[in-house]
K.L.:
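Here it is: the structure, laid out below.
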Amino acid sequence: MISNSVYSGHNYYTFDGEYFYVLDEKSFTIHAFDSHGKFVHSSCKKGRGPGEFTMATKICYNADLNTIDVLNPIGKIYHFRTKTLEYVSTLDIKGKDLQAIHDFVPTRSGYLLYSNTLDERIWHYDSENRIANPCGIRLPEYLSIYFYAQDRFYSMGESVQTFRAFDGKCFNLDSSLNVRTSLVWDFGKRSTQLKAIPELPSAREYHEYLMDYSDNHVAAFNDIKCIDSTLIANVIYKRNLHTIVYNLASNQAKMFLKTEEGLPLVCGLVYDNSMMLLVDSHMLPEFISTEVLDEVSVREYQKATSTGSMAIIRYGLSGVKP
């Protein structure tokens with residue numbers, strides 16, 4: 001039983017093109033499934049020995065190393081072989097300045113890291129020189145509890161991007177640690193202003209403020225993903241999670257609450273010009289309309305809902321009608 005119930009954020013599953021890997025953070029187990037959803041095997045990593053951990057916050061496929069990487073927030077990244085999930089090695093990044101890591105993404109030269117505990121939030125780890133350096137993206141300290149995005153990084157072509165949660169401003173990060181603004185969202189009078197965000201003592205008060213502020217502003221970005229030439233962003237607006245679909249080629253964008261089929265579009269795991277979402281089967285009616293499925297997908301939908309299993313929804317943008 002996978003304990004990441006209801007909606008498992010894409011920090012907890014990954015895909016190497018052949019197998020799905022799901023990280024159960026409560027039992028410290030990695031589950032492997034083939035591309036048809038058939039269970040292959042599980043590997044429990046709980047412990048304090050080599051390749052074992054008692055904390056884990058993200059799993060991802062590292063294409064350059066052909067490994068499944070698991071992040072321990074104390075500053076360690078564990079490498080496991082694809083398919084077998086055998087332990088390979090551990091990368092210990094923790095240093096005197098970088099004591100905790102809350103998100104990471106592999107790059108050709110190492111890793112981009114996000115720490116929620118430092119003024120310097122974005123770091124780059126150089127695998128060749130074995131050193132981590134800050135990228136120079138800073139925010140006021142009080143914004144650390146304003147809104148915590150599920151995934152700070154996304155890929156756009158060959159580059160890795162990051163974004164600010166309070167207004168969605170995007171930055172391109174290259175291997176030389178050059179930071180360049182790549183996108184600034186303009187909602188006119190509905191744009192969020194940093195000066196409008198007060199300093200509040202608790203996350204609950206920020207949440208309440210966020211909801212009130214979203215009545216008239218696009219208040220916060222929950223996630224951003226890029227598929228081919230299309231950018232997808234989930235934002236809080238009018239107290240609900242809205243979706244922005246922005247075509248980079250035509251420079252046209254639409255914001256909507258649900259598609260024409262009455263379904264939300266939630267950012268998931270991007271692979272091969274499509275997006276995948278892992279959900280509990282009883283949540284499937286909120287994400288899928290059987291009217292838009294082919295016969296094979298209908299049978300899989302019925303099987304998932306009848307057995308109470310987890311389900312991977314895979315969809316492209318060609319059928320999205322805001």
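The figures here come from the full heavy-atom set of this structure, side chains too, leaving out hydrogens, waters and symmetry mates.
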K.L.:
Are Phe39 and Val22 connected, step by step, through hydrophobic side chains (Ile, Leu, Val, Met, Phe, Trp, Tyr) whose heavy atoms are closer than 4.5 Å?
P.N.:
yes
K.L.:
Any heavy-atom pair between the side chains of Met275 and Ile227 that's under 4.5 Å?
P.N.:
yes
K.L.:
Does a donor on one side chain and an acceptor on the other come within less than 3.5 Å for Asn251 and Tyr246?
P.N.:
yes
K.L.:
For the residue pair Pro264 and Lys258, what are the closest heavy atoms and their distance?
P.N.:
N-CG, 4.1 Å
K.L.:
Is the number of heavy atoms from other residues, nucleotides or ligands under 6.0 Å of Lys303 NZ greater than 12?
P.N.:
no
K.L.:
Return yes if some donor-acceptor pair links the side-chain N/O of Ser43 with the main-chain N/O of Ile30 below 3.5 Å, else return no.
P.N.:
no
K.L.:
Check which hydrophobic residues are tied to Ile74 through side-chain heavy-atom contacts below 4.5 Å, counting indirect links as well, and list them.
P.N.:
Met55
K.L.:
So, for Cys135 and Leu173, which heavy atoms are closest and what is the spacing to 0.1 Å?
P.N.:
CB-CD2, 4.4 Å
K.L.:
So with a 6.0 Å cut-off around CZ of Arg190, is the heavy-atom count from everything else above 12?
P.N.:
yes
K.L.:
So which heavy atom on Leu293 is nearest to which on Ile288, and how close?
P.N.:
CD1-CG2, 3.6 Å
K.L.:
Under the rule for ring-ring contact (aromatic ring centres under 6.0 Å, His included), what residues qualify as partners of Phe53, not counting sequence neighbours?
P.N.:
Tyr78
K.L.:
Is there a path of hydrophobic side-chain contacts, each under 4.5 Å between heavy atoms, that joins Leu263 and Ile312?
P.N.:
no
K.L.:
How long is the straight-line distance from OH of Tyr125 back to CD1 of Ile77, given to the nearest 0.5 Å?
P.N.:
8.5 Å
K.L.:
Which salt bridge (Lys or Arg N to Asp or Glu O under 4.0 Å) pairs, counting each pair once, include a residue from residues 11-20, with sequence neighbours left out?
P.N.:
Glu18-Lys83
K.L.:
Would you say the side-chain atoms of Asn234 pair up with the backbone N or O of Cys267, donor to acceptor, closer than 3.5 Å?
P.N.:
yes
K.L.:
Taking all heavy atoms of Cys60 and all of Phe104, pick out the closest pair and write down the distance.
P.N.:
SG-CZ, 3.5 Å
K.L.:
Below 30° counts as parallel, above 60° as perpendicular, anything between as tilted: where do the rings of His242 and Tyr237 land?
P.N.:
perpendicular
K.L.:
Quick check: closest heavy atoms across Ser214 and Met211, and the distance to 0.1 Å?
P.N.:
OG-O, 2.8 Å
K.L.:
Does a donor on one side chain and an acceptor on the other come within less than 3.5 Å for Asn66 and Tyr61?
P.N.:
yes
K.L.:
Report the relative orientation of the aromatic rings in Tyr21 and Tyr19; use parallel for angles under 30°, tilted for 30 to 60°, perpendicular for over 60°.
P.N.:
tilted
K.L.:
Less than 4.5 Å apart, side chain to side chain, heavy atoms only: is that true for Asp69 and Tyr111?
P.N.:
yes
K.L.:
Tell me every residue that passes ring-ring contact (aromatic ring centres under 6.0 Å, His included) with Tyr271, counting only those two or more places apart in sequence or in another chain.
P.N.:
Phe15
K.L.:
Would you name the heavy atoms of Gly168 and Phe163 that are closest together and state the gap between them?
P.N.:
O-CB, 4.1 Å
K.L.:
In terms of relative ring orientation, are His31 and Phe33 parallel, tilted or perpendicular, with 30° and 60° separating the classes?
P.N.:
tilted
K.L.:
Is there a side-chain contact between Ile313 and Leu284, using heavy atoms and a 4.5 Å cut-off?
P.N.:
yes
K.L.:
Test of understanding: with side chain to side chain contact (heavy atoms under 4.5 Å, CB included), list the residues that count as partners of Thr107, not counting sequence neighbours.
P.N.:
Ser109, Leu112, His124, Val160
K.L.:
Pick from His207, His217, Arg239: which one makes a side-chain hydrogen bond (donor to acceptor under 3.5 Å, both in side chains) with Asp212?
P.N.:
Arg239
K.L.:
Between Val270 and Cys226, does a side-chain contact (heavy atoms from CB on, under 4.5 Å) hold up when you go through it step by step?
P.N.:
CA-CA 8 Å; Val270 173; Cys226 185; over 6 Å; no
K.L.:
Output all residues satisfying ring-ring contact (aromatic ring centres under 6.0 Å, His included) with His79, sequence neighbours left out; order by chain, then residue number.
P.N.:
none
K.L.:
Hydrophobic clustering (ILVMFWY, side-chain heavy atoms < 4.5 Å, transitive) - are Met283 and Leu277 grouped together?
P.N.:
yes
K.L.:
Within the distance-only criterion (no hydrogens, no angle test), does the side chain of Ser281 pair as donor or acceptor with the backbone N or O of Ala304 below 3.5 angstrom?
P.N.:
yes
